[in-house]
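Quick note: numbers below take in every heavy atom, side chains included, and nothing from hydrogens, waters or symmetry partners.
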Amino acid sequence: MKEQIDLQLGEQSGRIDKVLSQELVDYSRSQIQQWLKDERVMVNGTTVKANYKVKAGDQVTIAVPEPTILELTPENIPLEIVYEDEDVAVVNKPQGMVVHPSAGHPNGTLVNALLFHMQNLSSINDVIRPGIVHRIDKDTSGLLMIAKNDFAHESLAKQLKEKTSLRKYVALVHGVIPHEKGVIDAPIGRSKTDRKMQAVIEEGKPAVTHFQVLERFADFTLVELQLETGRTHQIRVHMKYIGYPLAGDPVYGPKKTLPGEGQFLHAQVLGFEHPRTGEFLTFTAPLPEVFQKTLEKLRK
């Protein structure tokens with residue numbers, strides 16, 4: 001599916017490749033530079049090069065090329081399907097599984113497993129993400145909603161956009177949080193110092209996370225988090241920002257941390273209105289075994 005991106009720039013200034021890489025966090029700077037080379041980027045109706053200096057109010061139009069079609073092979077990978085009907089499914093993704101194929105992960109993903117276990121999946125989200133309405137990171141475990149047709153996909157995506165769906169996570173973080181609950185309202189965008197990371201930056205996209213303390217240990221805190229927005233790495237970035245990074249997080253956490261299989265973050269509760277019946281469905285998934293055993297050790 002060809003895509004066109006239209007952007008009206010505010011107060012940003014500087015080279016267009018740099019400005020666009022800060023604005024379009026889902027695309028790498030090298031990808032944006034390739035679009036500029038391929039004359040896919042226009043400013044105020046004229047094709048520009050990477051060194052073009054943007055001005056406030058510039059209207060940018062990008063003709064995004066067709067995605068490279070990866071071979072999508074159904075794979076008989078065990079999958080915990082929590083709920084399924086003709087429109088939607090809810091799956092409990094294990095830690096370590098990538099959600100959809102990409103250049104670095106052509107197979108072994110949740111999508112490969114879905115293609116094997118389910119007859120129909122929505123086609124809205126391009127060829128490599130059938131059925132995928134939202135994502136969680138490879139090393140985050142827990143619940144994901146799956147759309148089995150385009151009607152369901154549009155409904156679920158609208159609920160995410162309008163913040164009417166329910167998404168609660170449980171995380172183990174470094175440090176002892178003194179407050180019982182709080183709200184982190186801090187914009188997130190691509191880090192200016194490390195392109196592979198996200199960070200709280202002034203010109204980032206709005207991001208809001210609510211947290212509540214569940215249990216305190218000597219050096220760690222167990223928290224429940226509720227997402228109001230769904231930015232890339234939102235919980236991991238926000239908790240690091242307030243000084244309580246996730247235990248086990250190889251990117252945003254300290255090197256000296258708890259042994260495990262990545263960050264201790266689990267998408268535990270998922271709720272949404274069924275696209276066809278209008279009934280509000282809520283699902284809960286227990287913590288993975290490695291998470292439960294770590295908590296038992298900390299309690300001792």
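- Without hydrogens or angle criteria, T257 side chain to A247 main chain gives no donor-acceptor distance under 3.5 Å.
- Rounding to the nearest 0.5 angstrom, the gap separating the CZ atom in F151 from the CD1 atom in I124 is 11.0 Å.
- Checked by atom type and distance alone, the side chain of Q95 pairs as donor or acceptor with a backbone atom of Q263 at under 3.5 Å.
- Side-chain atoms of E224 never come within 3.5 Å of backbone atoms of Q212 as a donor-acceptor pair (strictly under, hydrogens ignored).
- Under the 4.5 Å side-chain contact rule for hydrophobic residues, V19 and W35 share a cluster.
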- List the steps and the verdict of side chain to side chain contact (heavy atoms under 4.5 Å, CB included) for V41 and L20. CA-CA 10 Å; V41 182; L20 287 180; 4.2 Å; yes
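- Side-chain contact between H117 and N76: present, with at least one pair of heavy atoms (C-beta onward) separated by less than 4.5 Å.
- D150 contributes no side-chain N or O that, together with a main-chain N or O of S122, makes up a donor-acceptor pair within less than 3.5 Å.
- Contacts classified as salt bridge (charged side-chain N to carboxylate O under 4.0 Å, His left out) and involving residues 268-283 (residues at least two apart or in different chains) are given here: E86-R276, D87-R276.
- Residue K158 holds its NZ atom at 12.0 Å from CG of L156, rounded to the nearest 0.5 Å.
- I146 has its side chain within reach of L121: a pair of non-hydrogen atoms, C-beta onward, lies under 4.5 Å apart.
- Taking a cutoff of 4.0 Å between a charged side-chain nitrogen and a carboxylate oxygen, R216 and E180 qualify as a salt bridge.
- Side-chain contact between Q226 and K168 is present, with at least one heavy-atom pair separated by less than 4.5 Å.
- Note on L270 and F280: separate hydrophobic clusters, where clusters join Ile, Leu, Val, Met, Phe, Trp and Tyr whose side-chain heavy atoms are under 4.5 Å apart, directly or indirectly.
- Here the side chain of K55 pairs no donor or acceptor atom with the backbone of L9 at under 3.5 angstrom.
- Side-chain atoms of Q59 do not come within 3.5 Å of backbone N or O of V43 as any donor-acceptor pair.
- Counting only heavy atoms from C-beta outward, the side chains of L281 and F272 approach each other to under 4.5 Å.
- Between the side chains of Q4 and T61, not a single donor N or O lies within less than 3.5 Å of an accepting N or O.
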- Query: Can you list the steps and then say if M197 with K240 is a side chain to side chain contact (heavy atoms under 4.5 Å, CB included)?
  - Reply: CA-CA 12 Å; M197 292 173 72; K240 179 190 177 184; 4.0 Å; yes
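- Taken from OH in Y169 to CG in L265, the straight-line distance is 7.0 Å, to the nearest 0.5 Å.
- Taking the six-membered ring for Trp and the full ring otherwise, the centers of H174 and F220 sit less than 6.0 Å from each other.
- Here the options are R231, E228, Q234, the test is side-chain hydrogen bond (donor to acceptor under 3.5 Å, both in side chains), and the partner is T209; only Q234 passes.
- V133 and V99 fall into different hydrophobic clusters, where Ile, Leu, Val, Met, Phe, Trp and Tyr residues are linked whenever their side-chain heavy atoms come under 4.5 Å apart, directly or through other members.
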- Could you please spell out the steps behind the side chain to side chain contact (heavy atoms under 4.5 Å, CB included) verdict for K205 and T229? CA-CA 10 Å; K205 289 183 177 176; T229 52; over 6 Å; no
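- Here the side chain of N112 pairs a donor or acceptor atom with the backbone of T73 at under 3.5 angstrom.
- Side-chain contact of T109 with H100: a donor-acceptor pair under 3.5 Å is absent, judged by distance alone.
- Separation of atoms CD1 (I132) and NE2 (H153) is listed at 9.0 Å; rounding is to 0.5 Å.
- When side chains are defined from C-beta on, F116 does not count as touching L79, because their heavy atoms never get closer than 4.5 Å.
- Note that CZ of R299 is 7.5 Å distant from CG of L222, once rounded to the nearest 0.5 Å.
- Both I177 and L246 are assigned to one and the same hydrophobic cluster, defined by single-linkage of ILVMFWY side chains at heavy-atom distances under 4.5 Å.
- Proximity of I188 to H238: side-chain heavy atoms (C-beta onward) are separated by under 4.5 Å at one or more points.
- If you take CG on D85 and OG1 on T277, they are separated by 8.0 Å, rounding to the nearest 0.5 Å.
- In this pair, F264 and F291 present their aromatic rings perpendicular. The plane angle is above 60°, beyond the 30 to 60° band.
- Each salt bridge (charged side-chain N to carboxylate O under 4.0 Å, His left out) pair with one or both residues in residues 245-262, not counting sequence neighbours, appears once here: R236-D249.
- In this structure, K93 contributes its side chain and T140 its backbone to a donor-acceptor pair below 3.5 Å.
- Looking at H134 and R167, their side chains come closer than 4.5 Å, going by heavy atoms from C-beta outward.
- Taking the side chain as every heavy atom from C-beta outward, T284 and Q268 approach each other to under 4.5 Å.
- Residues V183 and I242 do not share a hydrophobic cluster, clusters being chains of Ile/Leu/Val/Met/Phe/Trp/Tyr side chains in contact below 4.5 Å.
- Here the shortest heavy-atom pairing between P254 and P245 reads CD-CG, 3.8 Å.
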- Task: Could you go through the side chain to side chain contact (heavy atoms under 4.5 Å, CB included) check for N149 and N120 one step at a time?
- Result: CA-CA 7 Å; N149 52 55; N120 301 305; over 6 Å; no
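- A donor-acceptor distance shorter than 3.5 angstrom exists from the side chain of Y252 to the backbone of Q198, with no hydrogens or angles considered.
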